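First the structure, in the form of structure tokens, and then the observations on it.
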Amino acid sequence: MERAIYLSRVAGLEKRTGGCFGAVVVKNGKIVGEGYNNVISHNDPTWHGEVGAIRDASQRLGTPHLRGCVLYTSSEPCPMCMGACYWARIDKIFYATTAKDVKEHGHFEDEDFYEEFAKPPADRNIPAVEFMREEAVKVWEEFGQLPDRCHY
């Protein structure tokens, strides 16, 4: 956790590449991936510390699945990063500050996004509306028939 907090300082205070978010992925007691917020430096709203650490660990370990790994992050993961943790199959997450802390001290909207995603899709600030479902389902049906389909 000390390394994750250090990386949060690098991002938010030293390099000013984004908010104070840093993370490391650990396997068998060894750091196998690390990252910090680079939203501003890369003009990429997805470049959060946790996503960076997961990308780094996946590349180093040669797998998109990080079973047996633990994520240490300087802040409670936002919904996007939490989703990335589930997709990566992270075993456990340790976080330092809460979404409430991040909103109070940095005015980041993580806490608001959790509330937003609890609403029905059509009632969100960015409404989501089903469109051309039948056409898209046909593609999924074909994919489902492939004997060698890629599944992750």
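These numbers come from the heavy atoms of this one structure, side chains and all, not from hydrogens, waters or symmetry mates. Keep in mind that what you see is a predicted model, and the values were worked out from it rather than measured.
Cluster annotation: Val32 is not connected to Tyr72 through the hydrophobic network of ILVMFWY side chains, with a link wherever side-chain heavy atoms come within less than 4.5 Å. Under a hydrophobic-cluster definition in which Ile, Leu, Val, Met, Phe, Trp and Tyr are linked whenever side-chain heavy atoms come within less than 4.5 Å, directly or via other members, Met80 and Ile54 are assigned to different clusters. Linking Ile, Leu, Val, Met, Phe, Trp and Tyr residues whenever their side-chain heavy atoms come within less than 4.5 Å leaves Leu13 and Leu7 in two separate clusters. Under the 4.5 Å side-chain heavy-atom criterion for ILVMFWY residues, no single connected hydrophobic cluster contains both Val10 and Val51. By the criterion of side-chain heavy atoms lying less than 4.5 angstrom apart, applied directly or through intervening Ile, Leu, Val, Met, Phe, Trp or Tyr residues, Tyr6 is grouped together with Val70 in one hydrophobic cluster.
In Glu14, the CD atom is crowded: over 12 heavy atoms of neighbouring residues, nucleotides or ligands sit closer than 6.0 Å. Crowding of Glu135 atom CD: a count of heavy atoms from other residues, nucleotides or ligands under 6.0 Å exceeding 12. Within 6.0 Å of atom CD in Gln59, 12 or fewer heavy atoms from other residues, nucleotides or ligands are found, so the atom counts as exposed in its surroundings. More than 12 heavy atoms of other shown residues, nucleotides or ligands fall within 6.0 angstrom of atom CZ in Arg60.
Glu76 contributes atom CD, which lies 4.5 Å from atom OH of Tyr95 (distance to the nearest 0.5 angstrom). Within the model, atoms CZ of Arg55 and OG1 of Thr46 stand 4.5 Å from one another, a figure rounded to the nearest 0.5 Å. Interatomic distance, His42 NE2 to Thr17 OG1, rounded to the nearest 0.5 Å: 9.0 Å. Here Glu111 contributes atom CD and Lys100 contributes atom NZ; the two are 7.0 Å apart, rounded to the nearest 0.5 Å. Considering CD of Gln145 and CD of Glu141, their distance stands at 8.0 Å, rounded to 0.5 Å.
A side-chain hydrogen bond (donor to acceptor under 3.5 Å, both in side chains) with Tyr36 holds for exactly one of Arg9, His48, Lys15; it is Lys15. Here the options are Val25, Val24, Val26, the test is side-chain contact (heavy atoms from CB on, under 4.5 Å), and the partner is Leu71; only Val25 passes.
Shown here are the side-chain contact (heavy atoms from CB on, under 4.5 Å) partners of Leu146, two or more places apart in sequence or in another chain: Phe143, Asp148, Arg149.
In terms of heavy-atom proximity, Ala53 sits nearest to Ala23 at CB-O, 3.6 Å. Pro77 and Glu50 make their closest contact through CA-OE2, 3.6 Å (heavy atoms, listed as atom of the first residue, atom of the second, distance).
In this structure, Cys69 and Leu61 have side chains that are in contact, with non-hydrogen atoms separated by less than 4.5 Å.
When hydrophobic side chains of Ile, Leu, Val, Met, Phe, Trp and Tyr are connected at separations under 4.5 Å, Val102 ends up clustered with Phe21, Phe108.
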